[in-house]
Engineer: 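Just dropping this structure here.
Position 1 is the first residue of the sequence, and the numbers go up from there. Just follow the structure's listing: the first ligand is 1, and inside any ligand the first atom is 1.
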Amino acid sequence: MSNDNIVWHQASVSHNERVERVGHQPVILWYTGLSGSGKSTIANAVDRKLFEMGCHTYLLDGDNVRHGLNKDLGFGDADRVENIRRITEVANLFVDAGLIVGTAFISPFKADRAQARELAGERFVEVFVDTPLAVCEQRDPKGLYKKARAGDIPHFTGISSPYEAPESPEVHLRTAEMSVEQAAEQVVNYLRDKRII
Ligand code: ADP
């Protein structure tokens, strides 16, 4: 498809004006980890803390996005890639608007996260929700591991589809050794240390 007739319009309210108004840096908190690792739970706890502190935030959650924006996508490799591409684009719009946006998706492939990082640049904060498969499987909050082990869910990350762990995430949460509260505190402390908030 040709893009010859599409022109990028300059916004009359600039990005810097928006950032000045909200009083903190906009970033993407990109949570990645196995299903049941705690991405949603921790992202929500962080979101609540930041909100209470007066930050402007938004949360893009895996399941919710798949009900709407990405409801046409499945879980095969190509669709997972497209899933992450769209999420990155949307997250970047929120960053442009000046928000701290959390994204809670398994995002199992390094290449996709690298692409998101490239697009977001220094605004990208990778949060590795590092929970051993055995612990996730024991928690099994949505009963998905049971189904995956029974062969009822194809391409299930950790069982029948790979999870490529981040090598140098900005924040590394070992959730088997800490509470949700401690994990959320670690994320907020990172943002404070880097003077993002
Ligand atoms: P994901 O979004 O990664 O699929 P969820 O947040 O939906 O994972 O589920 C994680 C489950 O593990 C929740 O039921 C949560 O209460 C539980 N849990 C127990 N301990 C922790 C912890 N330390 N950190 C995060 N979640 C935990």
Engineer: Using a cut-off of 6.0 Å, state whether more than 12 heavy atoms not belonging to Y58 lie near its atom OH.
Structural biologist: no
Engineer: Are H172 and F128 close enough that their ring centres sit under 6.0 Å apart?
Structural biologist: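 Yes: the rings meet the under 6.0 Å criterion.
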Engineer: Among L59, V129, D61, find the one that has a side-chain contact (heavy atoms from CB on, under 4.5 Å) with S40.
Structural biologist: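 Of L59, V129, D61, side-chain contact (heavy atoms from CB on, under 4.5 Å) with S40 is met by D61 alone.
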Engineer: Does S179 have any side-chain contact (heavy atoms from CB on, under 4.5 Å) partners at least two apart in sequence or in another chain, and if so, which?
Structural biologist: E181, Q182
Engineer: Is the CZ atom of R86 crowded by more than 12 outside heavy atoms at less than 6.0 Å?
Structural biologist: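 It does: R86 CZ has more than 12 such atoms within range.
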Engineer: Flag yes if more than 12 heavy atoms outside E52 fall under 6.0 Å of its CD atom; otherwise flag no.
Structural biologist: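 Enclosed.
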Engineer: List ligand 1's nitrogen or oxygen atoms that come under 3.5 Å of a protein nitrogen or oxygen, with the partner atom and distance.
Structural biologist:
from     : atom 1 : to   : atom 2 : distance (Å)
ligand 1 : 2 (O)  : S40  : N      : 2.9
ligand 1 : 2 (O)  : S40  : OG     : 3.4
ligand 1 : 3 (O)  : L34  : O      : 3.4
ligand 1 : 3 (O)  : S37  : N      : 3.3
ligand 1 : 3 (O)  : S37  : OG     : 3.3
ligand 1 : 3 (O)  : G38  : N      : 3.0
ligand 1 : 3 (O)  : K39  : N      : 2.9
ligand 1 : 3 (O)  : K39  : NZ     : 2.7
ligand 1 : 4 (O)  : G36  : N      : 2.8
ligand 1 : 4 (O)  : K142 : NZ     : 3.4
ligand 1 : 6 (O)  : T41  : N      : 2.9
ligand 1 : 6 (O)  : T41  : OG1    : 2.5
ligand 1 : 8 (O)  : G38  : N      : 3.2
ligand 1 : 20 (N) : R139 : NH2    : 3.4
ligand 1 : 23 (N) : T175 : O      : 3.1
ligand 1 : 23 (N) : M178 : O      : 2.7

